[in-house]
Amino acid sequence: MIFLWDPLEAQPHDPDVKALLRIAVVYDIPIANNLATADFMLNSRFMNEPYSRKIENYNKIIRDRVDKMSR
């Protein structure tokens, strides 16, 4: 996801921007918030070859933490 915005300007839709970024982090979506990062992402070798991403099982992580804390 490439999302360019001016961090020095007040954004009337700031809660929406934060929600969008939060969702991208939860679902492990790469985010570019500036031109340097966008350029790096678009020119990455992973754009042209297969990439196997690791999908986190958050329910399992939470269960494991709860089990560890209850011991």
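The first residue of the sequence shown is numbered 1, and numbering continues consecutively from there.
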Would Val66 and Ile61 show up in the same hydrophobic cluster when neighbours are defined by side-chain heavy atoms closer than 4.5 Å?
-> no
Which pair of heavy atoms, one from Tyr58 and one from Val25, lies closest together, and at what distance?
-> OH-O, 4.4 Å
Residue pair Lys68 / Asp64, side-chain heavy-atom distance below 4.5 Å | no
Would you call Lys18 and Asp14 a salt bridge, taking side-chain N to carboxylate O under 4.0 Å as the test?
-> yes
Test: Arg63 and Asp67 ion pair at under 4.0 Å = no
Criterion side-chain contact (heavy atoms from CB on, under 4.5 Å) against Asn33, the qualifying member of Leu21, Leu4, Ile2 | Leu21
Could you tell me whether a side-chain N or O of Asp39 sits under 3.5 Å from a main-chain N or O of Leu35, the two making a donor and an acceptor?
-> no
Same cluster for Leu20 and Val26 if Ile/Leu/Val/Met/Phe/Trp/Tyr side chains link at under 4.5 Å?
-> yes
Any chain of hydrophobic side-chain contacts (each under 4.5 Å) joining Ile29 to Phe3?
-> yes
Near Phe40 CZ, under 6.0 Å, is it more than 12 heavy atoms from other residues, nucleotides or ligands?
-> no
Give the minimum heavy-atom separation between Ala24 and Ile31, together with the two atoms involved.
-> CB-CD1, 3.4 Å
